[in-house]
Amino acid sequence: MFPPVDEQMARIRRGVAAIEPEAELRQKLERSLKTGKPLRVKYGIDPTGIDVHLGHTVPLRKLREFQQMGHQAVLIIGNYTALVGDPSGRDKTRERLTPEQVEANARDYLKQVAKVIDIQKTEVAFNGEWFSKFRFLDVLSLTSKITVQRMLERDDFTNRLKKGTPIYLHECLYPLMQGHDSVEVRADIELGGSEQLFSLMVGRDLQREAGQEPQVCITLPILRGLDGVRRMGKSLGNYIGVGESAYDMFAKTMSIPDELMREWFELLTDLPAERIAELIDWQKLHPRQAKEVLGKEIVKFYYGIKEADAAADEFRKRFSEKHDPTEVESVDVPSADLTDGAMWIGELLCRMQLAKSKNEARRLVEQGAITIGDKREKINDPKANVNVVDGLVVRRGSRQVKRVRLV
RNA sequence: GGGCAGUUGGCCGAGUGGCCAAUGGCAGCAGACUGUAAAUCUGCCGGACUUAGUCCUACGCAGGUUCGAAUCCUGCACUGCCCA
């Protein structure tokens with residue numbers, strides 16, 4: 001039923017930051033192989049935003065790996081923890097969400113997460129199921145399990161203390177809540193980003209207190225975003241969402257710094273280590289080529305091989321050959337608003353949402369960013385009136401292209 | 001509860017009565033260059049007016065002093081530090 005323990009260990013080890021403690025993991029695997037009982041692998045997410053991005057898929061892919069080896073994935077939707085806000089890796093208190101927002105997000109999350117893991121075979125639990133029944137005494141007993149000193153020794157809090165940014169008391173509850181989730185679902189293993197280690201370890205303590213065998217904590221590296229420096233994150237705008245189009249995924253991947261490729265290959269594809277080593281050997285292969293393989297692998301995971309090839313072709317056309325994209329968004333322009341078939345360029349750019357304001361439109365024109373029509377006629381005069389015909393293509397810089405639809 | 005300090009544009013951070021739509025950095029946008037949407041260099045980066053100019057809105061909130069306030073005064077809110 002399960003692969004041999006050594007094989008499982010090897011597959012689990014790939015691309016992880018830490019396994020704490022590794023010996024216990026082996027024991028658990030051996031026992032599960034003997035008894036035929038799958039391990040319960042917990043992964044929790046807080047429905048705080050709406051975009052699941054590749055950074056989130058790193059632990060999710062590991063969860064998928066466990067599923068493929070026959071273990072039981074347990075997904076915790078932190079609808080209650082989301083009300084608190086995870087302080088991990090934060091230098092500020094998170095904004096608190098309303099219960100309605102959290103619920104809407106949760107539904108959306110599941111849909112997105114299903115792109116990575118087999119949601120049919122996943123046990124999904126909302127931690128509100130138990131936390132909504134918590135009485136104050138329960139809170140007291142939970143909070144008596146950890147000292148203020150231990151709480152404050154975490155990096156995030158230490159930094160905030162040093163910098164004088166506020167730390168609210170409720171934020172200290174977060175790791176305890178996450179840890180308690182492990183008790184409720186009797187987790188054997190918990191996955192998380194490497195900044196989660198503290199919270200994961202709290203789970204071990206609480207399980208031990210509750211007379212359970214403590215979970216093994218497996219942390220995964222934090223994926224760096226498109227800039228190659230900071231962690232991939234929504235607020236940093238350096239991410240690829242799992243819901244993005246095949247083309248966008250591909251094009252964004254092509255924009256990452258070369259040095260980032262090894263990390264992405266390892267954390268975001270299933271390619272074997274030897275193959276990755278070949279790909280990132282610049283002596284043998286041009287980085288551009290390698291990056292194309294990477295982009296295709298990523299797109300393939302979500303859209304299949306055909307879409308991946310199509311995205312790569314489209315990219316080549318647009319960049320190497322500087323063509324307009326195959327599909328250009330159309331914007332309706334009422335012909336009644338034209339005078340003698342023409343419109344002031346500033347007005348036109350605003351209408352087409354290629355400029356936020358007429359001032360911006362003027363600047364763009366002055367900087368030579370605007371071209372129109374198939375012949376790519378450059379507009380240089382901010383006062384220009386341009387003839388507007390149906391299907392007119394308007395370009396802002398090299399990336400933003402829209403088409404007029406006269407109505 | 002008391003004392004002290006702070007709150008400036010998407011963020012960080014200068015400015016301490018007119019020269020301020022506000023120095024600088026980051027982020028963003030555009031141009032050149034490039035395998036690249038990277039790096040680098042250049043320009044832009046509140047809004048309206050088809051703009052060398054004029055006007056409007058903005059420096060936590062509400063009032064006040066002044067010919068004139070981001071800058072001074074009062075009150076309020078929020079945050080930090082110290083004392084209890």
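Here is the naming used below: chain letters follow the sequence lines, and residue numbers restart at 1 for every chain.
We find that E103(A) and R107(A) are joined by a salt bridge, their nearest charged nitrogen and carboxylate oxygen being less than 4.0 Å apart. Using a 4.0 Å cut-off between charged side-chain N and carboxylate O, E213(A) and R208(A) make no salt bridge. Between D138(A) and K133(A) there is no salt bridge, since no side-chain N of the basic residue sits under 4.0 Å from a carboxylate O of the acidic one. Remark: R204(A) does not engage E20(A) in a salt bridge, criterion side-chain N to carboxylate O under 4.0 Å. One finds no salt bridge joining R26(A) and E22(A) here, because no Lys/Arg side-chain nitrogen approaches an Asp/Glu carboxylate oxygen to under 4.0 Å. By the 4.0 Å N-to-carboxylate-O rule, E278(A) lies too far from K284(A) to be salt-bridged with it. Looking at E329(A) and R403(A), no side-chain N of the basic residue comes within less than 4.0 Å of a carboxylate O on the acidic one, giving no salt bridge. By the 4.0 Å N-to-carboxylate-O rule, R318(A) lies close enough to E314(A) to be salt-bridged with it.
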With 3.5 Å as the limit, what N/O pairs link the protein to nucleotides 78-84 of chain B?
residue : atom : partner : partner atom : Å
rU79(B) : OP1  : Y168(A) : OH           : 3.3

Protein-nucleotides 28-30 of chain B N/O pairs under 3.5 Å:
residue : atom : partner : partner atom : Å
rC29(B) : O3'  : R396(A) : NH2          : 3.3
rC29(B) : O2'  : R396(A) : NH2          : 2.5
rA30(B) : OP2  : R399(A) : NH2          : 3.4

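Taking atom CD1 of I370(A) as the reference point, atom C1' of rC44(B) lies 13 Å away to the nearest angstrom. Across the protein-nucleic acid pair, M261(A) atom CE and rG35(B) atom C1' stand 10 Å apart, rounded to whole Å. Between the C1' atom of rA37(B) and the CG atom of L260(A) lies a distance of 14 Å, rounded to the nearest Å. In this entry the distance linking NZ of K378(A) with C1' of rG31(B) reads 8 Å, nearest Å. Rounded to an integer number of Å, the gap from CE of M254(A) to C1' of rU34(B) is 13 Å. One atom, CG of N359(A), and another, C1' of rG46(B), lie 9 Å apart when rounded to the nearest Å. Taking atom CD on E366(A) and atom C1' on rG43(B), their separation rounds to 11 Å, with Å as the unit. Per the geometry, CZ belonging to R318(A) stands 12 Å off C1' belonging to rA37(B), to the nearest Å.
Listed nucleotides: rG35(B), rG47(B), rA37(B). Nearest to the side chain of R288(A): rG35(B).
Taking the C1' atoms as reference points, rC44(B) lies 37 Å from rA5(B), given to the whole Å. Nucleotides rG24(B) and rG43(B), compared at atom P, are 12 Å apart to the nearest Å. Rounded to whole Å, the P atom of rG15(B) lies 15 Å from the corresponding atom of rG60(B). Straight-line distance between the C1' atoms of rC49(B) and rU65(B): roughly 35 Å, to the nearest whole Å. To the nearest whole angstrom, the two C1' atoms, one in rU50(B) and one in rU57(B), are 22 Å apart. Atom name P, nucleotides rA84(B) and rG17(B): the rounded distance is 38 Å, in whole Å. Between rG25(B) and rG35(B), the two P atoms lie 30 Å apart (nearest whole Å). Taking the C1' atom of each, rU23(B) and rG9(B) are spaced 13 Å apart, rounded to whole Å.
Contact annotation: S357(A) reaches the phosphate of rG47(B) (side-chain N/O to OP1 or OP2, under 4.0 Å). Side-chain nitrogen and oxygen atoms of K358(A) include at least one within less than 4.0 Å of the OP1 or OP2 phosphate oxygen of rC49(B).
Between L200(A) and E190(A) the shortest side-chain heavy-atom distance falls below 4.5 Å. Taking the side chain as every heavy atom from C-beta outward, R186(A) and Q207(A) never approach each other to under 4.5 Å.
When the ring pair (Phe, Tyr, Trp, His ring centres under 6.0 Å) test is applied to F265(A), no partner is found at least two apart in sequence or on another chain. Remark: E123(A) pairs with R40(A), Q72(A), V74(A) by the side-chain contact (heavy atoms from CB on, under 4.5 Å) rule, at least two apart or across chains. Not counting sequence neighbours, the partners of F315(A) by the ring pair (Phe, Tyr, Trp, His ring centres under 6.0 Å) test are F250(A), F319(A). Here F131(A) pairs with F134(A), H180(A) under the ring pair (Phe, Tyr, Trp, His ring centres under 6.0 Å) rule; sequence neighbours left out. Considering only residues two or more places apart in sequence or on other chains, D337(A) meets the side-chain contact (heavy atoms from CB on, under 4.5 Å) condition with P334(A), M343(A), R351(A).
Shown here for I117(A) and Q67(A), the closest heavy-atom pair between the two residues is CB-OE1, 3.6 Å.
Counting only residues at least two apart or on different chains, the salt bridge (Lys or Arg N to Asp or Glu O under 4.0 Å) pairs with a member in residues 289-311 of chain A are D258(A)-K291(A), R288(A)-E292(A), E292(A)-R316(A), K296(A)-D309(A), E297(A)-K300(A). Pairs of residues two or more places apart, or lying in two chains, that qualify as salt bridge (Lys or Arg N to Asp or Glu O under 4.0 Å) and include a residue from residues 366-382 of chain A are D324(A)-R376(A).
Residue F250(A) is out of contact with every strand shown, counting any heavy-atom pair closer than 4.0 Å.
Taking a 4.0 Å limit (strictly below) on heavy-atom distances, residues 330-350 of chain A reaches RNA chain B at W344(A). Of the residues in residues 379-387 of chain A, those with a non-hydrogen atom less than 4.0 angstrom from any atom of RNA chain B are K383(A), N385(A).
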Legend entry - Base-pair map of RNA chain B as dot-bracket, where | denotes pairing with a different strand and pairs are Watson-Crick or G-U under 3.5 Å: ((((((((.[[[..)..(.....]]].(((((.......))))).((((...))))...[[[[[..)....]]]]]))))))).
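Remark on RNA chain B: of its neighbouring residues H286(A) and R363(A), the 5'-side contact belongs to H286(A), judged by nearest-heavy-atom nucleotide.
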